[in-house]
Amino acid sequence: QLHVVESGGGLVQPGGSLRLSCLISGERLDYYAIGWFRQAPGKEREGVSCISNLGRGTNYADSVKGRFTVSRDNAKNTVYLQMNSLKPEDSAVYSCAVKYWGENWCVIDPNEYGFYGQGTQVTVSS
């Protein structure tokens, strides 16, 4: 059974940076694309980024392109989301999830992923 735990959230000023981590246990990551998602109060969950099973393909929401970078270390069963130039509108609970997928590309549709973690809160405020 897959188990997903996110960490690394916190309070940061606009323009600051955070690195989120997603630790996945229970399965080898080689067969899974990993997606990052966020949900702000009163809003639906939205896709932020994803990375293919071996890291050869990535995808980003337009709102974070050029500011966020996703990476993975399958040996450590961990996926990262480096977030730079943070804006107040980036504030949300960020969670990661898995999709059994062996292609070198990925989609950031929340409905395509499962085993969401509990998430980590990111607050961007001065």
Side-chain angles (χ1 to χ4, degrees):
Q1 181 77 358
L2 285 162
H3 186 57
V4 177
V5 178
E6 304 91 342
S7 62
L11 173 64
V12 64
Q13 292 187 340
S17 298
L18 283 174
R19 188 176 82 154
L20 306 184
S21 297
C22 173
L23 175 63
I24 302 162
S25 58
E27 294 273 354
R28 284 181 55 172
L29 282 195
D30 306 50
Y31 305 113
Y32 295 92
I34 307 299
W36 280 101
F37 305 89
R38 66 187 181 187
Q39 188 167 21
K43 295 188 176 181
E44 292 189 355
R45 177 181 285 157
E46 65 169 337
V48 175
S49 180
C50 64
I51 186 165
S52 62
N53 64 323
L54 299 180
R56 293 170 182 165
T58 59
N59 200 356
Y60 297 92
D62 288 343
S63 58
V64 307
K65 280 180 182 176
R67 300 187 297 122
F68 290 11
T69 303
V70 62
S71 61
R72 65 191 294 161
D73 185 340
N74 285 358
K76 295 182 178 180
N77 274 34
T78 303
V79 177
Y80 305 97
L81 185 68
Q82 178 67 43
M83 307 188 297
N84 299 329
S85 302
L86 283 162
K87 305 175 181 179
E89 52 264 42
D90 293 319
S91 297
V93 174
Y94 285 70
S95 55
C96 57
V98 304
K99 173 180 170 65
Y100 189 79
W101 186 251
E103 302 293 332
N104 290 329
W105 54 277
C106 57
V107 295
I108 52 173
D109 180 352
N111 295 316
E112 294 289 324
Y113 291 78
F115 295 101
Y116 282 84
Q118 289 192 323
T120 184
Q121 176 70 49
V122 171
T123 303
V124 185
S125 174
S126 55

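- Counting all heavy atoms, side chain and backbone alike, W101 lies closest to C106 at NE1-CA, 4.4 Å.
- A heavy-atom distance below 4.5 Å is not found between the side chains of R56 and W105.
- No donor-acceptor pair under 3.5 Å is formed between the side chain of Y94 and the backbone N or O of G8.
- I51 is connected to L2 through a chain of hydrophobic side-chain contacts under 4.5 Å among Ile, Leu, Val, Met, Phe, Trp and Tyr, so both are in one cluster.
- A chain of hydrophobic side-chain contacts below 4.5 Å, direct or via other Ile, Leu, Val, Met, Phe, Trp or Tyr residues, connects L20 to V12.
- Checked by atom type and distance alone, the side chain of T78 pairs as donor or acceptor with a backbone atom of K76 at under 3.5 Å.
- In this structure a side-chain-to-backbone donor-acceptor pair under 3.5 Å is missing from S52 to A33.
- Aromatic pair Y116/F37: centroids less than 6.0 angstrom apart.
- Both L18 and V79 belong to a single network of hydrophobic side chains, linked directly or stepwise wherever heavy atoms of I, L, V, M, F, W or Y lie under 4.5 Å apart.
- T69 places a side-chain heavy atom less than 4.5 Å from the side chain of Y60.
- Side-chain N or O atoms of N104 include none that pairs as donor or acceptor with a backbone N or O of G55 at under 3.5 Å.
- One finds the NZ atom of K87 at 4.5 Å from the CZ atom of R67 (value rounded to the nearest 0.5 Å).
- Minimum interatomic distance between S17 and Q82 (heavy atoms only, all atoms of both residues): CB-NE2, 4.0 Å.
- Between the E6 side chain and the G117 main chain, a donor and an acceptor come within less than 3.5 Å of each other.
- Annotation: side chain of V93 is not in contact with side chain of T120 (no heavy-atom distance under 4.5 Å).
- Two different hydrophobic clusters hold I108 and L29 under the rule that ILVMFWY side chains link at heavy-atom gaps under 4.5 Å.
- At a threshold of 4.5 Å between non-hydrogen side-chain atoms, the residues R19 and L81 do not count as touching.
- No side-chain heavy atom of D90 sits under 4.5 Å from any side-chain heavy atom of M83.
- R38 CZ to S49 OG: the interatomic distance, rounded to the nearest 0.5 Å, is 11.0 Å.
- With a 6.0 Å radius and a threshold of 12 heavy atoms from other residues, nucleotides or ligands, Q118 has its CD atom at or below the threshold.
- Looking at S21, its side chain never comes within 3.5 Å of a backbone N or O of S7 through a donor-acceptor pair.
- The structure places OG1 of T123 at 6.0 Å from CG of L11, a figure rounded to the nearest 0.5 Å.
- In this structure, CD on E46 lies 12.5 Å from CG on D109, to the nearest 0.5 angstrom.
- Although no hydrogens or angles enter the test, the distance criterion places no donor-acceptor pair under 3.5 Å between the side chain of S95 and the main chain of G119.
- Formation of a donor-acceptor pair under 3.5 Å by the N77 side chain with backbone atoms of I24 is found in this model.
- Using bins of under 30°, 30° to 60° and over 60° for the plane-to-plane angle, the ring pair Y100/Y32 lands in the perpendicular bin.
- A 4.5 Å side-chain heavy-atom check between I34 and V70 finds every atom pair outside the cut-off.
- Going from atom CD of E89 over to atom OG of S63 covers 8.5 Å, rounded to the nearest 0.5 Å.
- Across every non-hydrogen atom of E112 and V107, the tightest pair is CG-CG2, 4.0 Å.
- Within the 4.5 Å cutoff, the side chain of Y80 has heavy atoms near those of the D73 side chain.
- The CD atom of E27 sits 8.0 Å away from atom CZ of F115, with the distance rounded to the nearest 0.5 Å.
- Under a hydrophobic clustering in which Ile, Leu, Val, Met, Phe, Trp and Tyr are joined whenever their side-chain heavy atoms come within less than 4.5 Å, directly or via other members, L23 and V4 fall into different clusters.
- In terms of heavy-atom proximity, A97 sits nearest to G114 at CB-O, 3.3 Å.
- Panel note: side chain R45, backbone A40; no donor-acceptor pair is recorded below 3.5 Å.
- The side-chain heavy atoms of P14 and P88, taken from C-beta on, include a pair separated by under 4.5 Å.
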